[in-house]
Amino acid sequence: MSSMAKPTGPSGDESKHYFDRVRDLQMRPLWQVIDDLMPAHPVPKEKPFQWKWKEIRPLVHQAAEIVSIEEAPRRVLMLLNPGLPREQAASTQTLYAGIQILLPGEIAPAHRHTPNALRFVMEGTGAFTNVAGEKTILGPGDVVTTPTWTWHDHGNDANGPVVWLDALDIPLVNAVSGMFYEDFPAKHQPVSDASNSSQKTYGRGLRPVGEHRSTAYSPILNYPYATTKAALEGLPSSAHHPSEGRILEYVNPLTGGPILPTIDAYLQRIDPGVRLRPRRRSSSAVFMGVEGRGTLTVDGQDFAWEPYDVLVVPAWAQYSHRATGTTPSILFSYTNTPTMRALSLYREDSPEPA
Ligand code: GTQ
């Protein structure tokens, strides 16, 4: 549009009067702003950013000393992107990330909300989350979904604290005014006797005959780390993504699609010393280092990461991975790609190798 002549309208006092009058009546001349409204490619407000685990970990553990679970039923430090208003609780324009800690004996009471959530467990074995009537026991590296409007409560009857990453679509839901929230009348929801039952059925390529479930999200609540990592290790070397290395998506077995309607999630492995091809996507992404170490380069900025560091790749930012340790680099990530696909707004590309 920049080649279009910009009409100037009336001049002098007359012109000022015209533009004041337009403004007073809640109008604005499009021709003054159209280039900003329609840039040639996405210009997201989120910035590339990294939270270092060695900095956030002590503060997360201190949170458990300074505030009780009764005062803070969700004891979470949110990871806020410096490019976005603090009140949006946003790591990217659509995605939220937070770190939650629950001490032995504590209960995060049952509630439900329209935002979709998934958790990646970082520390602690034996805590549990109840989701939609099923109890699932948590261990490090497990990925647990809490789909839209499902009741969920967390509890820790293990010996030590449990710490996990919360991934939600809160900024997206608020942007479209889709927020609904409700407390459950008791601390815990009733659960069936068999824990991890969804994983035992749907996680093995089986489904109960005659059951009609929503296919908007995965019926599997817990994707255990040992299983996902073994699958990653077992991938043939031919299954190599030029920009991500060996990478698996956590999928909804009923559809083959993403685990949540608005968020998809991945575990990837990059061999030591490997530098991968740059890539950009119209979706935004949050990465978390899990094992090894590496450098994520985002629009020319290098972020050296270690396990449990959290990193933001803004929409349409060019990023590339490098594994810098002596052991494989393993990363967990989630993106808003399903949202962008649903709106026919997903694109990606990669520059030709030199
Ligand atoms: O555990 O239910 O980080 O509702 C933000 C909102 C966690 C939760 C968050 C939530 C939760």
Side-chain angles (χ1 to χ4, degrees), residues 51 53 56-57 59-64 67-81 84-103 105-124 127-138 142-158 161-176 178-189 191 217 221-222 259-263 265 286 288 308 310 312 332 334 336:
W51 293 268
W53 182 232
I56 60 181
R57 183 179 187 275
L59 298 172
V60 169
H61 281 266
Q62 277 168 38
V67 65
S68 72
I69 199 71
E70 287 74 28
E71 292 168 290
R74 292 298 188 272
R75 199 194 281 114
V76 178
L77 288 182
M78 303 187 289
L79 306 183
L80 302 184
N81 193 286
L84 292 163
R86 288 173 65 80
E87 61 276 12
Q88 282 179 15
S91 309
T92 79
Q93 276 176 244
T94 52
L95 299 172
Y96 161 107
I99 310 289
Q100 181 160 175
I101 180 164
L102 204 57
L103 297 180
E106 290 184 338
I107 292 167
H111 68 199
R112 63 178 175 177
H113 39 64
T114 44
N116 289 276
L118 62 83
R119 316 187 194 281
F120 187 98
V121 182
M122 298 152 83
E123 294 180 357
F128 66 90
T129 289
N130 298 328
V131 184
E134 179 182 326
K135 179 172 186 166
T136 183
I137 309 294
L138 308 174
D142 292 359
V143 170
V144 178
T145 61
T146 307
T148 178
W149 209 236
T150 50
W151 295 113
H152 54 285
D153 45 287
H154 319 303
N156 186 355
D157 42 25
V162 62
V163 178
W164 63 67
L165 170 79
D166 285 320
L168 289 93
D169 53 10
I170 294 172
L172 169 75
V173 173
N174 278 326
V176 296
M179 186 67 74
F180 291 88
Y181 174 95
E182 195 178 354
D183 280 317
F184 192 76
K187 277 198 168 182
H188 286 308
Q189 63 182 298
V191 291
Y217 49 78
L221 296 180
N222 189 338
I259 42 173
L260 293 170
T262 53
I263 304 175
V286 176
M288 191 176 68
Y308 299 162
V310 179
V312 167
F332 170 75
Y334 61 100
N336 71 335

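Atoms within a ligand are numbered from 1 in the order they appear, just like the ligands themselves.
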(message) With a 4.5 Å cut-off on side-chain heavy atoms, are Val286 and Val310 touching?
(response) yes
(request) State, yes or no, whether a side-chain contact exists between Trp53 and Ile99 at a heavy-atom distance under 4.5 Å. (result) yes
How far is [atom] from the closest protein heavy atom, and which atom is that?
| atom | result |
| --- | --- |
| atom 6 (C) of ligand 1 | Leu168 CD2, 4.1 Å |
| atom 8 (C) of ligand 1 | Arg74 NE, 2.9 Å |
| atom 5 (C) of ligand 1 | Tyr96 OH, 3.4 Å |

(message) Could you work out, with side-chain contact (heavy atoms from CB on, under 4.5 Å) as the rule, every residue matching Arg74, not counting sequence neighbours?
(response) Val76, Gln100, Ala108, Pro109, His111, His152, His154
(message) Counting only heavy atoms closer than 4.0 Å, does ligand 1 sit against the backbone of His113, its side chain, both, or neither?
(response) side chain
(request) Mind checking whether Arg119 contacts ligand 1 via backbone (N, CA, C, O), side chain (CB onward), both or neither, at a 4.0 Å heavy-atom cut-off? (result) side chain
Are the side chain of [X] and the backbone of [Y] linked by a donor-acceptor contact shorter than 3.5 Å?
| X | Y | answer |
| --- | --- | --- |
| Asn156 | Glu106 | no |
| Asn222 | Leu138 | no |
| Thr114 | Phe180 | yes |

Show me which atoms of ligand 1 lie under 4.0 Å from any heavy atom of [X].
| X | value |
| --- | --- |
| His154 | 1 (O), 2 (O), 8 (C) |
| Val76 | 3 (O) |
| Asp166 | 3 (O), 7 (C), 9 (C) |

(request) Report yes or no: does Met78 have a heavy atom closer than 4.0 Å to ligand 1? (result) no
(request) Assess the side chains of Asp153 and Gln189: does a donor N or O sit below 3.5 Å from an acceptor N or O? (result) yes
